[in-house]
Colleague: 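Submitted below is the structure of interest, expressed as structure tokens.
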Amino acid sequence: LAKEEKAAKSTEDQLQARIAAAQKSKSHEQEEIEVKGAAAALEKRLDEAQRRQELRLEEERKEEKQEEAKQARLQAEERQERQAKKQEEAKQARLQAEEQQAKKQKEKREEAQQAKLHAEEDFEVKGAAVALEKRLDDQQQRQELQLEEEKHAKKQEEKREEAQ
């Protein structure tokens, strides 16, 4: 009986040892599962953090591109404004030049008109002078003819008187 008890005790000890070993093995497996789970969770968190970082970088690049596009648009608008201003200045200069040209042409027309009026006045004065001169010549010729006629009449009268 003692032998059987000893054998049973030995078997029980062996079973206890096996149970302890199995439990140890089981707890080791559990630890490994937990470590793997923790590693997987950590890897998942790292992947998520990396994905968020990439999204943030992509958003920043998008914002930079939008800012660059905005700056390019502003610069284009400024160039257009400068060009429009230059065109307006050129237009104003052209209008001023045209006004100056028109003013000069008007002055030349007025001078030409004045010269024409003076020429017409000179022509009229000369015409009047010629007409006056002609009248004076005609008058002088009539007076000379009258004198001739008077002389002739006087001679005729003298001849008659002598004849009487």
Side-chain angles (χ1 to χ4, degrees), residues 8-147:
K9 178 105 170 132
S10 169
T11 304
E12 190 181 331
D13 286 343
Q14 284 178 353
L15 283 175
Q16 289 280 339
R18 278 187 186 168
I19 290 173
Q23 283 180 342
K24 207 176 196 184
S25 174
K26 191 177 181 183
S27 88
H28 185 65
E29 284 177 20
Q30 186 67 30
E31 263 183 45
E32 197 174 308
I33 289 171
E34 289 174 4
V35 166
K36 284 182 181 178
L42 182 60
E43 192 173 321
K44 186 177 179 183
R45 284 193 358 226
L46 286 173
D47 286 345
E48 185 64 27
Q50 186 175 2
R51 191 178 65 75
R52 281 195 309 269
Q53 178 70 18
E54 287 172 358
L55 287 174
R56 198 169 34 249
L57 288 174
E58 189 176 321
E59 188 66 29
E60 286 176 5
R61 278 192 294 262
K62 193 185 290 183
E63 288 175 3
E64 285 175 4
K65 284 183 180 179
Q66 287 175 344
E67 183 63 27
E68 288 172 2
K70 179 181 175 184
Q71 290 299 321
R73 191 179 72 251
L74 288 175
Q75 289 173 351
E77 288 173 0
E78 288 174 2
R79 276 194 304 274
Q80 283 180 329
E81 287 175 8
R82 285 192 304 269
Q83 189 174 9
K85 186 177 179 182
K86 285 180 182 179
Q87 287 175 343
E88 182 62 28
E89 289 172 355
K91 181 181 175 184
Q92 290 298 325
R94 189 180 71 248
L95 287 175
Q96 285 181 340
E98 288 173 0
E99 286 178 18
Q100 289 286 335
Q101 186 69 22
K103 189 176 177 181
K104 286 180 182 178
Q105 286 177 345
K106 182 180 177 186
E107 289 173 358
K108 285 183 179 180
R109 278 195 304 273
E110 288 175 356
E111 288 175 7
Q113 187 67 27
Q114 287 297 321
K116 182 179 174 186
L117 287 175
H118 287 307
E120 288 174 356
E121 288 174 0
D122 288 349
F123 183 75
E124 288 174 6
V125 168
K126 286 180 183 176
V130 167
L132 182 60
E133 199 172 304
K134 187 174 182 196
R135 272 192 291 164
L136 287 174
D137 284 348
D138 288 346
Q139 188 179 8
Q140 189 175 1
Q141 282 179 354
R142 280 193 305 272
Q143 285 177 351
E144 287 175 359
L145 279 175
Q146 195 177 6
L147 279 176

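Residue numbers start at 1 and run along the sequence shown.
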Colleague: With rounding to the nearest 0.5 Å, note down the distance linking CD in Q100 to NZ in K104.
Modeller: 6.5 Å
Colleague: Can you tell me how far CG of L55 sits from CZ of R52, rounded to the nearest 0.5 angstrom?
Modeller: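 Between atom CZ of R52 and atom CG of L55 there are 9.5 Å.
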Colleague: Show the atom names and distances, to 0.1 Å, of all donor-acceptor pairs under 3.5 Å that link a side chain in residues 59-83 to residues at least two apart or in another chain.
Modeller:
{"residue": "E67", "atom": "OE2", "partner": "Q71", "partner atom": "NE2", "Å": "3.0"}

Colleague: Please tabulate, for the side chains in residues 111-138, all donor-acceptor contacts under 3.5 angstrom to protein atoms that are two or more places apart in sequence or on a different chain.
Modeller:
none

Colleague: Sorted by first residue and then second, give each salt bridge (Lys or Arg N to Asp or Glu O under 4.0 Å) pair with at least one member in residues 9-18; sequence neighbours left out.
Modeller: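 The answer is none; no pair qualifies.
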Colleague: Which of these passes side chain to side chain donor-acceptor pair (under 3.5 Å) with E48: Q50, R51, R45?
Modeller: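 Exactly one option meets the side chain to side chain donor-acceptor pair (under 3.5 Å) with E48, and it is R51.
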Colleague: Partners of L145 by side chain to side chain contact (heavy atoms under 4.5 Å, CB included), sequence neighbours excluded?
Modeller: none
Colleague: Can you tell me how far NZ of K36 sits from CD of E34, rounded to the nearest 0.5 angstrom?
Modeller: 12.5 Å
Colleague: Determine whether R56 and Q53 satisfy the following criterion, side chain to side chain donor-acceptor pair (under 3.5 Å), listing intermediate values before the conclusion.
Modeller: CA-CA 5 Å; R56 198 169 34 249; Q53 178 70 18; 2.5 Å; yes
Colleague: Once side chain to side chain contact (heavy atoms under 4.5 Å, CB included) is applied, do any residues pair with K106, and if so which ones, sequence neighbours excluded?
Modeller: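 Checked K106 against side chain to side chain contact (heavy atoms under 4.5 Å, CB included); matches are R109, E110.
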